[in-house]
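One structure is given below, encoded as structure tokens.
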Amino acid sequence: MHQEVTKDRIIPFQRNDKLRELVLSQPQLLPVLSRFNIALGFGESTVEEVCRRNDVNVETFLTVCNFFSSRDFALEHVNIESLVGYLKSAHRYFLEYVLPDIRTRLIAAISTGTKSDTAWMMIKFYDSYVVEVQSHMKYEDDVVFEYVLNLIKGLCQSGFTIEDFVENHLPIADKLREIKELFIGHYSADLGRVDMLNSVLFDIMHCERDLLKHCALEDRIFVPAVRRMEQKVDRSSTIFDTITPKIERNEKELDEHGDVVLTAREKDIVKAVARGLSNKEIADKLFLSVHTVTTHRRNISNKLNIHSSAGLAVYAIMHGIMTLEEGAVTLQ
């Protein structure tokens, strides 16, 4: 039914289509299901029936599915609150599952490569990319989506419109493309791990496509929907001021090279974390309370935008706080 082809286009998915058939014909819709909190096992149920059972706006779901499948999609009935929920879930999917999983497998694939220095540089390059994605998505979660959710309540934020988001909505898949090109064109892989590295590269390419599609969805569906909502809100009578999160780098002490300055104690903490010590072990080693160590770690993570022990190890090696050999255990 939904596979019927006209002279010009493929018929868009409809609410009476069997959801099972949609997913079997378009496997790229699997992550779309999870981002709408729809679990598998829906049998012969239609799109409308599954959406109703899971409290999902069916028009928004169909719009996203049709967009991901390169079919015609309708914007006029998109529920913006449902769409924001989808986008937030997509962010969690990338940040908590896809990108960390790629990093773990990438380290396994290149950790015995013929040029270990090159291997670690590739990991550091990947880590810097993840930090950029985290910053990009945190801005959308904390600023843009909060602005939109207030619009739903009929409230406008002083000094901000969706056009501010559009002007700064930069692509976030470019570095993945660079990583792919560096491996394919320049990296000499260990012959015993070529299959492992190729598998990771395949997933990097898939993540790149998924991120490009995600950003395109924001541009082509989310932004037009917000523009229509803005036109309906009386900005003169409902404006309120809100504290827009400051860009943290402006509040950080920087050295002459533009790098964040850590105190001597913070460097001690970073080195201990990078060596794989627990908060209790760090506290005992440095004669501090566990609470003090926890506070230091939180402050360090906020300063550097690095939250994992492995990421702190890479940072410590890059800035001479510890050697590659000292951080090797954490990085494996």
_Strictly distance-based, threshold 3.5 Å: is any side-chain N or O of E230 a donor or acceptor partner for the main-chain N or O of I162?_
yes
Within one Ile-Leu-Val-Met-Phe-Trp-Tyr cluster: L30 and F68, side-chain cutoff 4.5 Å: yes
To the nearest 0.5 Å, atom CG of L201 lies from atom CD of E181 at 10.5 Å
Side chain to side chain donor-acceptor pair (under 3.5 Å) filter on H136, not counting sequence neighbours, yields E140
### Task
Consider only side-chain heavy atoms of I, L, V, M, F, W and Y, link residues closer than 4.5 Å, and tell whether I179 and M196 are in one cluster.
no
Strictly distance-based, threshold 3.5 Å: is any side-chain N or O of T263 a donor or acceptor partner for the main-chain N or O of E266? yes
Q) Does a salt bridge link K138 with D141, judged by any charged N lying under 4.0 Å from a carboxylate O? A) no
request  = Look at the side-chain heavy atoms of Ile, Leu, Val, Met, Phe, Trp and Tyr, link any pair under 4.5 Å apart, and say whether L176 and L212 land in one connected group.
outcome  = no
F13 backbone acceptor or donor facing D17 side chain under 3.5 Å
no
Any donor-acceptor pair under 3.5 Å from R71 side chain to I11 backbone
yes
Applied to residues 273-300, the ring-ring contact (aromatic ring centres under 6.0 Å, His included) test, sequence neighbours excluded, yields none
Is any side-chain heavy atom of V131 less than 4.5 Å from a side-chain heavy atom of Q134?
-> yes
With a cut-off of 6.0 Å (strictly less than), are more than 12 heavy atoms of other residues, nucleotides or ligands near CZ of F125?
yes
Query - Residues D268, R265; criterion salt bridge (charged side-chain N to carboxylate O under 4.0 Å, His left out); working and verdict - result: CA-CA 5 Å; D268 290 338; R265 177 59 78 195; 3.7 Å; yes
Pair L33, F42 - check side-chain contact (heavy atoms from CB on, under 4.5 Å), show working.
CA-CA 11 Å; L33 295 177; F42 30 73; 4.0 Å; yes
For A74 and T63 the tightest heavy-atom approach is O-OG1, 2.9 Å
Using only atom types and a distance under 3.5 Å, with no angle test, would you say the side chain of R193 pairs donor to acceptor with the backbone of A108?
yes
| task | Indicate if Y97 and F202 have the same hydrophobic cluster label, given that clusters are the connected sets of ILVMFWY residues with side-chain heavy-atom separations under 4.5 angstrom. | result | no
- prompt: Are the side chain of T60 and the backbone N or O of V56 linked by a donor-acceptor pair below 3.5 Å?
  reply: no
Hits for ring-ring contact (aromatic ring centres under 6.0 Å, His included) against Y129, two or more places apart or cross-chain, chain-then-number order -> none
With sequence neighbours left out, the residues meeting side chain to side chain donor-acceptor pair (under 3.5 Å) with S45 are R53
Closest non-hydrogen atoms of L95 and L99, given as atom of the first, atom of the second and distance, are CD2-CD1, 4.2 Å
* ILVMFWY cluster, V64 and L40 together (side-chain gap under 4.5 Å) -> yes
* Does a side-chain heavy-atom distance below 4.5 Å link K180 with I184? -> yes
Sidechain-backbone polar pair: N54 side chain, V50 backbone, donor-acceptor under 3.5 Å
yes
| Is there a side-chain contact between L182 and M122, using heavy atoms and a 4.5 Å cut-off? | yes
On a heavy-atom basis, the closest approach of L29 and S69 is CD2-OG, 3.8 Å
In this structure, CG of L87 is separated from CZ of R92 (nearest 0.5 Å) by 11.0 Å
Side chain to side chain donor-acceptor pair (under 3.5 Å) pairs touching residues 280-290, sequence neighbours excluded, are S278-E281, K280-D284, S289-T292
- Pairwise side-chain contact, L106 with L197, heavy-atom cut-off 4.5 Å (strictly under): yes
Inset, instruction - Can you establish whether the number of heavy atoms outside D55 located under 6.0 Å from its atom CG is more than 12? - result: no
Shortest non-hydrogen pair, F165 vs V223, comes out as CE2-CG2, 3.8 Å
CD1 (I269) and CG (L312) are apart, to the nearest 0.5 Å, by 11.0 Å
Measure from NZ or CZ of K213 to the centre of the six-membered ring of F67, then state whether that distance is under 6.0 Å and the direction lies within 45° of the axis. yes
Of all heavy-atom pairs linking G43 and R20, the shortest is O-CB, 3.6 Å
Worksheet item: Checking side-chain contact (heavy atoms from CB on, under 4.5 Å) for the pair I107/R103: CA distance, chi angles, key distance, verdict?
Response: CA-CA 6 Å; I107 290 175; R103 186 186 192 280; 3.0 Å; yes
Discussion item. In the structure I gave you, are the side-chain heavy atoms of M137 and I172 within less than 4.5 Å of one another anywhere?
Written reply: yes
Can I get a per-line list of side-chain donor-acceptor pairs under 3.5 Å for residues 76-86, giving both atom names and the distance, sequence neighbours left out?
residue, atom, partner, partner atom, Å
N79, OD1, E81, N, 3.1
N79, OD1, S82, N, 2.8
Y86, OH, R35, NH1, 3.3

Verify, without hydrogens or angle tests, whether S301 (side chain) and R297 (backbone) share a donor-acceptor contact under 3.5 angstrom. yes
R177 and M205: side-chain contact (heavy atoms from CB on, under 4.5 Å), yes or no, with the steps? CA-CA 8 Å; R177 188 178 300 112; M205 294 176 188; over 6 Å; no
Margin query: Would you say that F36 contacts N57 through its side chain, given a criterion of any heavy-atom pair below 4.5 Å between the two side chains?
Written below: no
Residues at least two apart in sequence or cross-chain that pass ring-ring contact (aromatic ring centres under 6.0 Å, His included) with Y126, listed by chain then number, are none
Residues passing the side chain to side chain donor-acceptor pair (under 3.5 Å) test with Q28, sequence neighbours excluded, are Q26
Sorted by chain and number, sequence neighbours left out, ring-ring contact (aromatic ring centres under 6.0 Å, His included) with F145 holds for H91, F222
- Item | Any F183 side-chain heavy atom under 4.5 Å of V200 side chain | no
Within the distance-only criterion (no hydrogens, no angle test), does the side chain of E49 pair as donor or acceptor with the backbone N or O of T46 below 3.5 angstrom?
yes
**Request:** Look only at the side chain of D101 and the backbone of V98, and say whether a donor-acceptor pair between them is shorter than 3.5 Å.
**Result:** no
Residue set satisfying salt bridge (charged side-chain N to carboxylate O under 4.0 Å, His left out) with D203, at least two apart, ordered chain then number -> R105
Sequence neighbours excluded, the answer for side chain to side chain donor-acceptor pair (under 3.5 Å) partners of D195 is none
Sorted by chain and residue number, the salt bridge (charged side-chain N to carboxylate O under 4.0 Å, His left out) partners of E167 (sequence neighbours excluded) come out as none
Correct closest heavy-atom pair for P12 and Q14 would be O-NE2, 3.3 Å
| said: Any non-hydrogen side-chain atom of N66 less than 4.5 Å from a side-chain atom of D72? | reply: no
Checklist entry - For L19 and L22, what are the C-alpha separation, side-chain angles and deciding distance, and is it a side-chain contact (heavy atoms from CB on, under 4.5 Å)? => result CA-CA 5 Å; L19 184 54; L22 267 65; 4.2 Å; yes
